[in-house]
Amino acid sequence: MVDLQGQYEKIKSEVDKAVLDVIQSAAFINGPEVKSFQADLEKYLGVKHVIPCANGTDALQIAMMGLGLEPGDEIITADFTYVATAEVIALLRLKPVLVDVLPDTFTIDPSAVRKAITPKTKAIVPVHLFGQCVDMDEIMSIAKEYNLAVIEDNAQAIGANYIFRDGRTQKAGTIGTIGCTSFFPSKNLGCYGDGGAIFTNDDQLAAKMRMIANHGQSVQYYHDEVGVNSRLDSLQAAILRVKLPRLDQYAEARRKVADRYDAAFKNHPNISVPVRSSNSDHVFHQYTVVLNNASRDELRKFLATKEIPAMIYYPVPLHLQKAYRDDRYSSGSFPVTEHLCANVISFPIHTEMREETQDFIIENVLAYFKK
Ligand SMILES: *Cc1c(COP(=O)(O)O)cnc(C)c1O
């Protein structure tokens, strides 16, 4: 699905040097590379504070802890997402309130968010899914109206630009109260292990979340809050510093692959290509199509015989996962998500895709339907 080796080959000398420098300095934890990466990312995103942490799931958890939410407080999020989003809500004994997504962009449906609000609602967690931004104009206006915090789950859309209705643009993850991202190797800005970060423009919240990520201390051995231990290590920061200046170019490479898939599949009766929202550029973390009147399993099996991988993101809606079953929901509760989970398929997309490789994938997808 991705070509991390091919990407590494192109930046090998820079990465190797950065890694060796850290090893020689022996400043593995909280070294200068972490602070430099933090500053680089703040500048790139145009956000006041970046708080590096251990992974994207921790980023979401620390964000929710930073908001001082109480057990039972309700958090509204999308039913169609990676489990981490709901996992941390449940882990903190907050109440996940799931809502359906829009059938075209697969992102949270703002009108469903509005309907799900109760006096206990404290926050909304929009997920910028597959590389495309949620309708943040709507989400921010709902948040303002009901005085809710917004935590953007930006694990899949780092680098994407959100385009407001008035034409202003802002980086995904910097619009809400807090933004969270992941540097898992296959994400658009991936390190060579685990990593994550939190973004905010709020000074007080930044100080609090920085403290929570560091065992609840701002002065060593004086613990003001129950915190966690969540750090980005210096080796990962050094690698990310090499990759960050290439992030826009990587997004461009992904868009080129998406354009070629679109051109090949757009008029196909059995394939609906991704819809691109006018509110957002798309950084194509995934290239995900919806199949119509076709057997997804059979297509996947056929592609596997040609050694072409294809993945299902995500096969089961959150509300039907064993761990997240709840009397409030049943089969049929979220028809759009249920339809997507049954019919989406994602094809390989990455920054090093060669045209011949992609043509081979395209030919075989089309060949399957001609059988
Ligand atoms: C990857 C991902 C996360 C979690 O990131 P990790 O670094 O793997 O913990 C959270 N939310 C979404 C939408 C993701 O895709």
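Both ligands and their constituent atoms are indexed starting at 1 by order of listing.
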### Message
Determine whether a donor-acceptor pair (N or O, by modelled atom type, separation under 3.5 Å) exists between the side chain of Arg296 and the backbone of Val344.
### Response
yes
Original post:
Do the two ring centres, one from Phe183 and one from Phe37, sit under 6.0 Å apart?
Top reply: yes
query = For Lys370, does the NZ atom sit with more than 12 other heavy atoms under 6.0 Å from it, leaving out its own atoms?
reply = no
What short N/O contacts, under 3.5 Å, does ligand 1 make with the protein, listed by atom pair and distance?
{"residue": "ligand 1", "atom": "5 (O)", "partner": "Ser182", "partner atom": "OG", "Å": "3.4"}
{"residue": "ligand 1", "atom": "7 (O)", "partner": "Gly56", "partner atom": "N", "Å": "2.8"}
{"residue": "ligand 1", "atom": "7 (O)", "partner": "Ser182", "partner atom": "OG", "Å": "2.7"}
{"residue": "ligand 1", "atom": "9 (O)", "partner": "Gly56", "partner atom": "N", "Å": "3.3"}
{"residue": "ligand 1", "atom": "9 (O)", "partner": "Thr57", "partner atom": "N", "Å": "2.8"}
{"residue": "ligand 1", "atom": "9 (O)", "partner": "Thr57", "partner atom": "OG1", "Å": "2.5"}
{"residue": "ligand 1", "atom": "11 (N)", "partner": "Asp153", "partner atom": "OD1", "Å": "3.3"}
{"residue": "ligand 1", "atom": "11 (N)", "partner": "Asp153", "partner atom": "OD2", "Å": "2.8"}
{"residue": "ligand 1", "atom": "15 (O)", "partner": "Gln156", "partner atom": "NE2", "Å": "2.8"}
{"residue": "ligand 1", "atom": "15 (O)", "partner": "Lys187", "partner atom": "NZ", "Å": "2.9"}

Which atom pairs, donor and acceptor, lie under 3.5 Å between side-chain atoms of residues 20-34 and protein residues at least two apart or in another chain?
{"residue": "Asp21", "atom": "OD2", "partner": "Lys17", "partner atom": "NZ", "Å": "2.8"}
{"residue": "Ser25", "atom": "OG", "partner": "Val22", "partner atom": "O", "Å": "2.8"}
{"residue": "Ser25", "atom": "OG", "partner": "Ala27", "partner atom": "N", "Å": "3.1"}
{"residue": "Glu33", "atom": "OE1", "partner": "Arg241", "partner atom": "NH1", "Å": "3.4"}

Item checked: Asn229 (side chain) donor-acceptor with His215 (main chain) under 3.5 angstrom -> no
Please determine whether a side-chain nitrogen of the Lys or Arg among Lys12 and Asp16 lies less than 4.0 Å from a carboxylate oxygen of the Asp or Glu. yes
